[in-house]
Chemist: 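This structure is in structure tokens; I'll ask about it shortly.
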Amino acid sequence: MLAGGAAERAGGASKADVELDGRRLVDRVLVSVADAREIAVVGDVEVPEGVHSTLEDPPRGGPVAGVAAGLDALTATDPAEWTVVLACDPADPLPALGRLLAARSYAQRSDDVDTAEYDGWCLADSTGYPQWLLGIHRTASLRRALDQLGSPRDQSMKSLPADSVLVTVPAGDDAVADIDTWTDHAHWVERLREQEPS
């Protein structure tokens with residue numbers, strides 16, 4: 001999970017520590033990936049015991065540098081086949097990730113799809129634009145893409161999977177919404193309040 005951005009549109013606040021619905025944004029994302037074998041958070045933020053915490057070196061290297069640092073922080077000698085890449089600020093991460101995993105699971109069960117051809121899945125907004133920080137990637141493909149890219153510093157997320165075969169999963173704008181500004185935050189405070197059972 002990437003939690004090291006400058007958050008300029010939120011006045012420089014630590015977005016990972018901003019609370020929504022009584023829980024920090026970073027903790028809402030951690031809940032969504034609680035079943036993962038290993039979790040790494042890239043950023044200067046307090047994380048629960050058992051979660052790897054790291055920073056890209058030097059800091060503020062951009063999201064691709066964050067992905068590289070996160071992968072390097074994972075310690076399993078037998079790495080998982082798949083790696084979920086998420087920002088720390090999705091407005092509603094649990095259903096978003098559920099949609100993503102359901103699409104991959106459906107493809108794996110389909111007789112008409114050879115999932116060995118694919119390097120990963122990511123959600124796309126209503127215009128079809130891929131949300132690179134809401135994706136699940138074949139770990140070996142992600143590492144290969146990083147190796148091919150060279151230095152990850154100041155690279156765009158769009159450049160990372162340039163040679164990968166990714167499936168985009170259509171999703172509504174709410175499914176891919178993130179908390180970039182305090183206006184976004186206020187909107188989602190009200191939105192989640194409306195969803196509470198009466």
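Note that the structure is predicted; figures quoted are calculated from it, not measured.
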Chemist: Does V18 have any side-chain contact (heavy atoms from CB on, under 4.5 Å) partners at least two apart in sequence or in another chain, and if so, which?
Modeler: L25, W182, H185

Chemist: Quick check: closest heavy atoms across W121 and A103, and the distance to 0.1 Å?
Modeler: NE1-O, 4.2 Å

Chemist: R109: which residues meet the salt bridge (charged side-chain N to carboxylate O under 4.0 Å, His left out) condition with it, sequence neighbours left out?
Modeler: none

Chemist: Are more than 12 heavy atoms, taken from residues, nucleotides or ligands other than E46, located less than 6.0 Å from that residue's CD atom?
Modeler: no

Chemist: Considering residues at least two apart in sequence or located in another chain, which fulfil the salt bridge (charged side-chain N to carboxylate O under 4.0 Å, His left out) criterion with D184?
Modeler: none

Chemist: So that I can tick it off, tell me whether D72 and R143 are bridged by a salt bridge, with the cut-off set at under 4.0 angstrom between side-chain N and carboxylate O.
Modeler: yes

Chemist: Same cluster or not: are I179 and V189 linked, directly or through other Ile, Leu, Val, Met, Phe, Trp or Tyr residues, by side-chain heavy atoms under 4.5 angstrom apart?
Modeler: yes

Chemist: So if you build clusters from Ile, Leu, Val, Met, Phe, Trp, Tyr with side-chain heavy-atom gaps below 4.5 Å, do L100 and V31 land together?
Modeler: no

Chemist: Of the non-hydrogen atoms in A16 and V45, which two are nearest, and what is the gap between them?
Modeler: CB-CG2, 3.8 Å

Chemist: With R144, which residues qualify under salt bridge (charged side-chain N to carboxylate O under 4.0 Å, His left out), at least two apart?
Modeler: D119

Chemist: At their closest point, which heavy atom of L134 faces which heavy atom of A175, and how far apart are they?
Modeler: CD1-O, 4.1 Å

Chemist: Hey, is the main chain of G61 close enough, under 3.5 Å, to the side chain of E56 for a donor-acceptor pair?
Modeler: yes

Chemist: Identify the heavy atoms of V29 and P90 that sit nearest to each other, and give their distance.
Modeler: CG2-CD, 3.6 Å

Chemist: What's the spacing between L97 CG and L123 CG if we round to 0.5 Å?
Modeler: 8.5 Å

Chemist: Look up atom CH2 in W188 and atom CG in L20, then write down how far apart they are to the nearest 0.5 Å.
Modeler: 8.5 Å

Chemist: Who passes side-chain contact (heavy atoms from CB on, under 4.5 Å) against D21, sequence neighbours left out?
Modeler: R28, L192, E196

Chemist: Which heavy-atom pair separates L55 from D44 by the least distance, and what is that distance?
Modeler: CD2-N, 3.7 Å

Chemist: Can you list everything that forms a side-chain contact (heavy atoms from CB on, under 4.5 Å) with E190? Sequence neighbours excluded, please.
Modeler: R193, E194

Chemist: If you look only at pairs with a residue in residues 134-161, which of them pass as a ring-ring contact (aromatic ring centres under 6.0 Å, His included), with sequence neighbours excluded?
Modeler: none

Chemist: Would L146 and V64 satisfy side chain to side chain contact (heavy atoms under 4.5 Å, CB included), going step by step from the backbone distance to the final call?
Modeler: CA-CA 8 Å; L146 285 165; V64 177; 3.8 Å; yes

Chemist: Quick one: list whatever passes salt bridge (charged side-chain N to carboxylate O under 4.0 Å, His left out) with D27, sequence neighbours left out.
Modeler: R24

Chemist: Pairs in or reaching into residues 29-42: which pass side-chain hydrogen bond (donor to acceptor under 3.5 Å, both in side chains), with residues at least two apart or in two chains?
Modeler: E38-H52, E38-T75

Chemist: Evaluate the side chain to side chain contact (heavy atoms under 4.5 Å, CB included) criterion for residues D178 and L133: first the C-alpha distance (whole Å), next the side-chain angles of each, then the deciding distance (0.1 Å), finally the verdict.
Modeler: CA-CA 10 Å; D178 51 26; L133 294 179; over 6 Å; no

Chemist: According to the side-chain hydrogen bond (donor to acceptor under 3.5 Å, both in side chains) rule, which pairs have a member within residues 79-99, sequence neighbours left out?
Modeler: K15-D89, E81-R138, T83-T139

Chemist: Which side-chain N or O atoms in residues 156-171 pair as donor and acceptor under 3.5 Å with protein atoms at least two apart or in another chain?
Modeler:
{"residue": "S156", "atom": "OG", "partner": "S159", "partner atom": "N", "Å": "3.3"}
{"residue": "S159", "atom": "OG", "partner": "S156", "partner atom": "O", "Å": "2.6"}

Chemist: Just grab all the salt bridge (Lys or Arg N to Asp or Glu O under 4.0 Å) pairs involving residues 164-174, residues at least two apart or on different chains.
Modeler: D174-R191

Chemist: Could you report the tightest heavy-atom contact between C122 and Q131, atom names first, then the distance?
Modeler: CB-O, 3.8 Å

